[in-house]
Amino acid sequence: MVYPKIPLAQSIIEICLAKGIKNIIISPGSRNAPLIIGFVNHPEFNCYSIVDERCAAFFALGIAQQTLKPTVVVCTSGSALLNYYPAFAEAFYSQIPLIVISADRPQSKIDIGDGQTIRQENVFQNHSLFNANLTEEASLDNDLKINKAINTAFTKKGPVHINAPFEEPLYETVSKLDVDVTISAFAKVQKKISIDEIMEFATIWNKSKKKLILVGENKPNQIDVEIIESLANDDSVVVMTETTSNLHHPTFLNNIDTIITPFTNKEFKDFQPDILITFGGMVVSKRIKAFLRQYTPTHHWHIDTLRAYNTFGCLTHHFKANPNLFFNQFLRFTIPIESDYRSTYQDIAALRARKHQEYLAKIPFSDFKAFEKIIPSLPKNSMLQVSNSSAIRYAQLIDIDSSIEVFCNRGTSGIDGSTSTAIGAAVANEKPTVLIAGDIGFLYDSNALWNEYTPKNFKIILINNGGGGIFRILPGHAETPVFNQFFETSHCLTAEQLAKMYGFEYRIASNETDLESSLKGLYAQNDKPSILEIFTPTRENDKILLQYFRELV
Ligand SMILES: Cc1ncc(C[n+]2csc(CCOP(=O)(O)OP(=O)(O)O)c2C)c(N)n1
């Protein structure tokens with residue numbers, strides 16, 4: 001075996017090994033040479049080389065999003081580390097385990113004029129679940145900090161930072177380990193809810209005729225079928241899901257904006273629930289947030305082992321359990337109550353579905369039309385990754401096959417890493433993966449394509465509406481030069497040259513007929529990754545979408 005000579009690097013690698021860490025994304029540098037040498041020469045690790053640290057961290061995030069296990073990113077000293085911050089913040093808000101290991105100069109070399117040196121300790125302080133600021137020598141104290149960082153990423157599901165100072169020489173190797181690391185185990189406590197707690201809340205539940213369950217971002221296959229059935233069959237329960245909820249039942253309302261946008265004040269008032277139960281991560285729909293903030297339920301209970309955000313300003317209880325455990329215990333104490341809450345909104349959903357079909361049948365080629373064609377064309381049992389911002393909002397409006405797993409970086413809703421995340425996720429998941437991206441987000445993260453790991457069957461459907469289409473939809477849009485240059489950032493760029501440079505097959509479509517045949521070609525191509533770029537009419541898209549909400553009643 002080849003080990004780095006520096007004992008601290010040996011300790012880091014041995015503790016990662018003992019903790020079952022598998023995937024290491026490495027960006028080049030010299031200060032991190034001891035770590036690179038150690039990880040790459042160990043057969044237990046899958047090492048990936050990605051130059052751009054921002055892309056590397058999102059790629060790692062994509063792997064961790066799929067494996068639900070901590071993924072490590074390793075970089076050199078200096079500004080390299082700061083490029084991890086967007087993915088670090090996304091990991092924090094999306095509860096994804098990410099371990100940053102940065103190489104550093106010893107503290108005596110900071111702020112004395114040494115090259116490629118910045119203040120690295122605690123640099124992610126505001127979003128880090130633990131900072132292991134190591135000292136230069138291998139020691140029990142350092143071992144414990146490394147253990148704690150990795151354990152925290154596992155148990156608290158989020159990002160941690162290990163900062164490791166190394167002094168030159170950096171490239172020397174040895175064939176035997178000099179360290180005998182200490183491994184501290186972590187206890188995985190399965191949280192139980194007390195019977196008293198359950199009874200108190202079941203009593204409220206049993207008296208309420210209007211219960212709304214709103215599911216945020218949720219990993220596929222997390223909720224037991226019996227729980228889904230039980231909630232779906234309760235007359236007093238409306239379950240609202242989003243595309244990123246990965247939760248399906250014919251009675252669940254999966255197109256929130258379509259259902260609620262046309263509501264009058266009276267209809268909102270009627271819809272106002274007595275109890276709101278939420279689980280999962282971030283909610284995409286702005287409209288449901290606005291509704292629940294104005295028409296606050298008497299009770300809002302959030303279910304999550306770790307966190308509960310007071311998203312609607314009315315949080316009354318946090319059940320610290322996973323949703324399966326909670327519902328399995330809780331539903332045993334509930335009794336049916338006569339209510340027309342569910343049936344009322346089933347009827348409205350049926351009306352909206354009819355109006356939706358009528359409207360889509362008559363609209364011209366546009367972003368909305370493209371989504372109407374793309375979503376049903378996606379292969380069954382595939383993974384869909386979606387970029388921010390209008391892409392995920394359009395995707396929410398179209399029914400999707402329940403076998404398709406959907407992901408979007410909604411922790412911070414950034415446009416800076418959707419492609420890198422999607423590629424990392426595709427590498428980890430091995431399912432056929434399609435990314436639907438907007439042009440600005442795609443161009444922003446074009447370095448994502450700069451890697452050797454993109455699966456041959458990976459596909460990007462790029463909706464090129466000539467700029468940030470979302471800004472046309474948001475209130476405040478006015479057709480002025482300032483809007484075009486500084487909000488929409490309109491452009492005439494295409495992905496053609498990027499596709500050529502990175503060895504992607506490239507297709508285009510700018511009308512419905514082209515789109516249908518291009519989609520067929522796209523799915524048939526599995527010998528190299530592909531991009532299908534769809535050009536839509538910049539100045540029509542927003543009008544077509546806004547008119548949709550007017551015609552739903
Ligand atoms: C890193 C980052 N910078 C800026 C934003 C603000 N922002 C949100 S959406 C958007 C434009 C996205 O345009 P595009 O990718 O073309 O998608 P479209 O809205 O047209 O679907 C911008 C700049 C952001 N979310 N993240």
Side-chain angles (χ1 to χ4, degrees), residues 52-55 57-58 61 82-94 127 217 243-244 257 282 284-286 365-375 384-398 406 408-422 434-449 460-477 479 482-495 498 508 510 531-546 548:
D52 180 327
E53 285 86 3
R54 178 158 59 83
C55 300
F58 276 111
L61 186 92
L82 303 183
N83 287 289
Y84 285 157
Y85 214 147
F88 201 92
E90 177 63 33
F92 178 81
Y93 287 106
S94 285
H127 297 96
E217 173 276 325
T243 303
T244 43
D257 287 2
M282 297 291 186
V284 177
S285 170
K286 283 182 172 211
F365 193 65
S366 53
D367 281 353
F368 203 0
K369 191 57 150 182
F371 274 88
E372 187 209 8
K373 296 288 162 203
I374 295 165
I375 301 287
L384 174 65
Q385 294 269 339
V386 190
S387 80
N388 290 303
S389 168
S390 73
I392 188 62
R393 299 188 188 282
Y394 277 111
Q396 302 258 78
L397 301 176
I398 313 282
V406 186
C408 177
N409 283 345
R410 289 305 295 183
T412 65
S413 305
I415 58 165
D416 40 3
S418 302
T419 311
S420 299
T421 307
V434 177
L435 163 70
I436 305 181
D439 45 284
I440 298 290
F442 172 78
L443 292 167
Y444 195 127
D445 190 25
S446 67
N447 273 355
L449 309 183
I460 299 174
I461 299 180
L462 173 56
I463 314 283
N464 189 339
N465 49 25
I470 186 70
F471 297 115
R472 288 183 170 268
I473 301 165
L474 297 176
H477 163 232
E479 202 65 52
V482 169
F483 172 80
N484 298 135
Q485 189 179 355
F486 294 99
F487 291 92
E488 183 177 49
T489 51
S490 46
H491 65 87
C492 297
L493 301 172
T494 78
L498 284 168
I508 58 168
S510 34
I531 297 173
L532 164 58
E533 184 159 23
I534 303 172
F535 296 95
T536 63
T538 310
R539 289 173 184 237
E540 302 307 317
N541 288 321
D542 54 319
K543 295 191 193 97
I544 291 168
L545 181 67
L546 297 175
Y548 166 73

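In each ligand, atom 1 is the first atom listed, and ligand 1 is the first ligand listed.
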Nearest non-hydrogen protein atom, [atom]:
atom                    : result
atom 21 (O) of ligand 1 : Ser390 OG, 2.4 Å
atom 20 (O) of ligand 1 : Gly469 N, 2.7 Å
atom 17 (O) of ligand 1 : Gly438 CA, 3.6 Å
atom 25 (N) of ligand 1 : Ser413 O, 3.0 Å
atom 15 (O) of ligand 1 : Gly441 N, 2.7 Å

**Prompt:** If you measure every N/O of Ser389 against every N/O of ligand 1, is any gap under 3.5 Å?
**Reply:** no
**Asked** For Ile470 and ligand 1, does the shortest N/O to N/O distance drop below 3.5 Å?
**Response** yes
**Message:** Check for me whether Gly467 has a heavy atom closer than 4.0 Å to any atom of ligand 1.
**Reply:** yes
**Item:** Proximal ligand 1 atoms for Gly414, defined as those under 4.0 Å from one of its heavy atoms
**Value:** 25 (N), 26 (N)
**Asked** Under 4.0 Å from any heavy atom of Asp439, which atoms of ligand 1 are there?
**Response** 14 (P), 15 (O), 16 (O)
Would you tell me which option among [options] has the nearest heavy-atom contact to [atom]?
atom                    : options                        : answer
atom 5 (C) of ligand 1  : Asn465, Thr538, Ile415, Ile436 : Ile415
atom 1 (C) of ligand 1  : Asn409, Thr412, Ile463, Asp416 : Asp416
atom 22 (C) of ligand 1 : Phe471, Tyr444, Phe442         : Phe471

Would you compute the distance between atom [atom1] of [X] and atom [atom2] of [Y] and round it to the nearest 0.5 angstrom?
X      : Y      : atom1 : atom2 : result
Leu493 : Ser446 : CG    : OG    : 10.0 Å
Ile375 : Lys373 : CD1   : NZ    : 13.0 Å
Ser390 : Asn465 : OG    : CG    : 6.0 Å

Can you find a side-chain donor-acceptor pair between [X] and [Y] that sits under 3.5 Å?
X      : Y      : answer
Thr536 : Asn541 : yes
Glu540 : Ser366 : no
Ser490 : Asn484 : no
Asn388 : Ser413 : no

**Request:** Would you mind checking if Glu479 and Arg539 are paired as a salt bridge, meaning a charged N to carboxylate O distance below 4.0 Å?
**Result:** yes
**Region of Ala391 that comes within reach of ligand 1 [heavy atoms, distance under 4.0 Å]** = backbone
**Message:** At under 4.0 Å between heavy atoms, is it the side chain or the backbone of Ser387 that contacts ligand 1, or both, or neither?
**Reply:** neither
**Asked** Is the distance between the ring centroids of His477 and Phe487 less than 6.0 Å?
**Response** no
**Complete:** Contacts of Tyr548 meeting ring-ring contact (aromatic ring centres under 6.0 Å, His included) (sequence neighbours excluded), chain-then-number -> His356, Tyr359, Phe368
